[in-house]
Amino acid sequence: MALIYNDNLRYIVYDKPFLDEISKNVKTNWSNTMILAHEIGHHLNGHTLSFGNNEENPKRRTRSR
């Protein structure tokens with residue numbers, strides 16, 4: 001998940017067991033690299049979740065997993 005916290009720093013939050021399972025199933029780490037690149041793309045395009053501040057990002061979209 002790509003998010004901005006109240007200190008206005010950008011974060012990428014991930015689920016290590018989930019990524020480990022994907023790597024195990026596909027027998028490569030490329031899938032993890034692609035997932036990370038995808039989340040970086042959310043930051044670059046302003047598709048982030050904001051927590052702890054009152055500013056609303058007009059480009060923001062929520063994501064469900």
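The cluster map of Ile, Leu, Val, Met, Phe, Trp and Tyr, joined by side-chain heavy atoms under 4.5 Å apart, puts Met34 and Ile40 in different clusters.
The side chain to side chain contact (heavy atoms under 4.5 Å, CB included) search around Leu19 returns Tyr14, Asn32, Ile35, not counting sequence neighbours. The side chain to side chain donor-acceptor pair (under 3.5 Å) test applied to Ser31 returns no partner, not counting sequence neighbours. Every residue two or more places apart in sequence or in another chain that forms a side chain to side chain donor-acceptor pair (under 3.5 Å) with Tyr11 is listed here: Asp7. Not a single side chain to side chain donor-acceptor pair (under 3.5 Å) links Lys24 to another residue, sequence neighbours left out. In this view, Asp20 and Lys16 satisfy the side chain to side chain contact (heavy atoms under 4.5 Å, CB included) rule, not counting sequence neighbours. In this view, Thr33 and Trp30 satisfy the side chain to side chain contact (heavy atoms under 4.5 Å, CB included) rule, not counting sequence neighbours.
The backbone N or O of Ile12 sits nowhere less than 3.5 Å from a side-chain atom of Glu39 that would complete a donor-acceptor pair.
Taken to the nearest 0.5 Å, the CG atom of Asp15 stands 10.5 Å off from the CD atom of Glu21.
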_Test side chain to side chain contact (heavy atoms under 4.5 Å, CB included) on Thr48 and Arg10; report intermediate values, then the result._
CA-CA 9 Å; Thr48 54; Arg10 296 174 182 269; 4.1 Å; yes

